[in-house]
Student: 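Can you read through this structure? Questions will come right after.
The structure displayed is predicted, hence computed values, not measured ones. Positions are given from 1, in the same order as the sequence printed here. Each ligand, and each atom within it, is numbered from 1 in the order the structure gives.
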Amino acid sequence: MTAARLITVGHVTHDRYGDDIVAGGCAFYAARTQAALGADVHLITAVGANFACDDALAGLTVDVTRGGLTTLFTNLYPAGALRVQRIEATAPPIAPPPRLPDAALVHLAPVLQEVDLAAWVAAAGDRPVAIAVQGWIKDRGPGETVVQTPWQVDGALLARVAFAACGEEDLVDQGDLLDRLCRHVPIVAFTHGKRGCDVIVRGRTTKVGIYPHAVEVDPTGAGDTFAAGFFLGLAEGRDPVAAAKLGAAAASVVVEGRGGATLGRVGEAHARVAQIA
Ligand SMILES: Nc1ncnc2c1ncn2[C@@H]1O[C@H](COP(=O)(O)OP(=O)(O)O)[C@@H](O)[C@H]1O
Ligand SMILES: [Mg+2]
């Protein structure tokens with residue numbers, strides 16, 4: 001089988017872990033995941049002039065605009081509570097280039113409002129579009145806070161999206177967003193961490209489990225990696241449940257290391273799929 005060509009869009013970020021800065025962001029996790037699973041990925045991103053993680057992009061085809069500051073996040077996981085994110089800088093938004101390469105899928109994976117859905121759907125033209133919802137439902141709040149912001153997306157625009165993925169933490173304070181997604185987007189995955197996910201195809205839900213033998217070190221990137229594998233599977237023509245298993249298997253590898261440390265091992269996901277119920 002020839003590798004599926006995917007266009008993946010979003011900021012590559014600097015993620016702070018104590019004194020270390022490592023590459024992060026939904027699109028970074030997604031592009032590395034898709035490449036590790038055998039796809040031909042074209043990452044379109046914007047980073048600051050201070051970007052210090054080019055090594056993490058080695059081996060990817062990257063269309064990068066440099067200027068301003070790199071988006072900088074700190075993630076905190078307080079015991080028994082939801083993740084707390086702090087944001088110290090944001091890079092400029094990512095505008096679609098005048099011509100996009102041919103692709104089986106355009107995967108939009110913003111971290112924080114840097115991808116304008118209407119502009120990218122228009123740029124995608126006939127290419128199917130997939131959305132990882134996370135980056136549209138958060139915004140920069142006062143100080144260095146990240147706040148949930150209701151996503152008032154138009155149904156007619158969502159109707160131009162083929163596939164969507166979101167996590168249960170994304171839907172806090174989002175009203176009927178999941179219903180709106182399921183009404184307008186033919187294939188939606190809704191993830192629940194270690195409890196697996198729901199795959200919703202034209203309103204019909206099927207539950208998909210997790211790879212049970214992962215040893216979680218850091219949950220960062222689970223949702224991004226899941227979405228990346230799920231969308232790749234769909235772009236390759238797998239049925240939605242099989243695609244969700246590929247996503248779950250990919251995520252199970254990523255949670256085994258700090259940040260993106262285990263992204264290079266995501267190819268192991270292919271062997272894990274069979275153990276997901
Ligand atoms: N500890 C884990 N072991 C195995 N799979 C996991 C684990 N945590 C998450 N996953 C997988 O990753 C998917 C997304 O995780 P989730 O926590 O819902 O995403 P988010 O990063 O958006 O919070 C889950 O549906 C599951 O398949
Ligand atoms: Mg989670």
Student: Measuring to protein heavy atoms, does anything land under 4.0 Å from atom 23 (O) of ligand 1?
Tutor: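 Within 4.0 Å: no protein heavy atom nearby.
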
Student: How far is atom 13 (C) of ligand 1 from its nearest protein heavy atom, and which residue and atom name does that atom have?
Tutor: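 Of every protein heavy atom, F226 CB, 4.0 Å lies nearest to atom 13 (C) of ligand 1.
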
Student: Is the shortest distance from atom 6 (C) of ligand 1 to a protein heavy atom below 4.0 Å?
Tutor: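 Within 4.0 Å of atom 6 (C) of ligand 1, no protein heavy atoms are found.
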
Student: Under a 3.5 Å cutoff, is there a donor and acceptor pairing between the side chains of T61 and H42?
Tutor: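 No pair is found: no donor N or O on one side chain lies under 3.5 Å from an acceptor on the other.
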
Student: Ignoring angles and geometry beyond distance, decide whether G193 reaches within less than 3.5 Å of ligand 1 through its nitrogen or oxygen atoms.
Tutor: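 Yes, G193 has an N/O under 3.5 Å of an N/O on ligand 1.
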
Student: Is the closest N or O pair between K194 and ligand 1 shorter than 3.5 Å?
Tutor: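 For ligand 1, there is no N or O atom that lies under 3.5 Å from one belonging to K194.
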
Student: To which protein heavy atom is atom 15 (O) of ligand 1 closest, and what is the distance rounded to 0.1 Å?
Tutor: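 Scanning the protein heavy atoms, the shortest distance from atom 15 (O) of ligand 1 goes to A222 CB, 3.6 Å.
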
Student: Just which atoms of ligand 1 are under 4.0 Å from any heavy atom in Y211?
Tutor: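 Listed by number with element: 4 (C).
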
Student: Between H107 and Q34, do the side chains contain an N or O donor and an N or O acceptor separated by less than 3.5 Å?
Tutor: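 A pair is found: one side chain offers a donor N or O, the other an acceptor, under 3.5 Å apart.
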
Student: Any N/O of G223 closer than 3.5 Å to an N/O of ligand 1?
Tutor: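 By distance alone, the answer is yes.
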
Student: Show me which atoms of ligand 1 lie under 4.0 Å from any heavy atom of A251.
Tutor: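 So the answer, numbered in order with elements, is 11 (C), 12 (O).
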
Student: For ligand 1, is there an N or O atom under 3.5 Å from any N or O atom of A248?
Tutor: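 No: no nitrogen or oxygen of A248 is under 3.5 Å from one in ligand 1.
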
Student: Under 4.0 Å, heavy-atom basis, I'd like to know which part of T191 is in contact with ligand 1: side chain, backbone, both or neither.
Tutor: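 Both backbone and side chain.
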
Student: Can you see which heavy atom on F226 is nearest to which on A189, and at what distance?
Tutor: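 Closest heavy-atom pair between F226 and A189: CE2-CB, 3.6 Å.
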
Student: Does H192 approach ligand 1 within less than 4.0 angstrom via side chain, backbone, both or neither, non-hydrogen atoms only?
Tutor: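 Backbone only; the side chain of H192 stays clear of ligand 1.
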
Student: L72 and side-chain contact (heavy atoms from CB on, under 4.5 Å): which single residue from D15, I21, I87, T13 fits?
Tutor: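 Only one of D15, I21, I87, T13 forms a side-chain contact (heavy atoms from CB on, under 4.5 Å) with L72, namely I21.
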
Student: Less than 3.5 Å between some nitrogen or oxygen of D170 and one of ligand 1, yes or no?
Tutor: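 It does not: no N or O of D170 is found under 3.5 Å from an N or O of ligand 1.
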
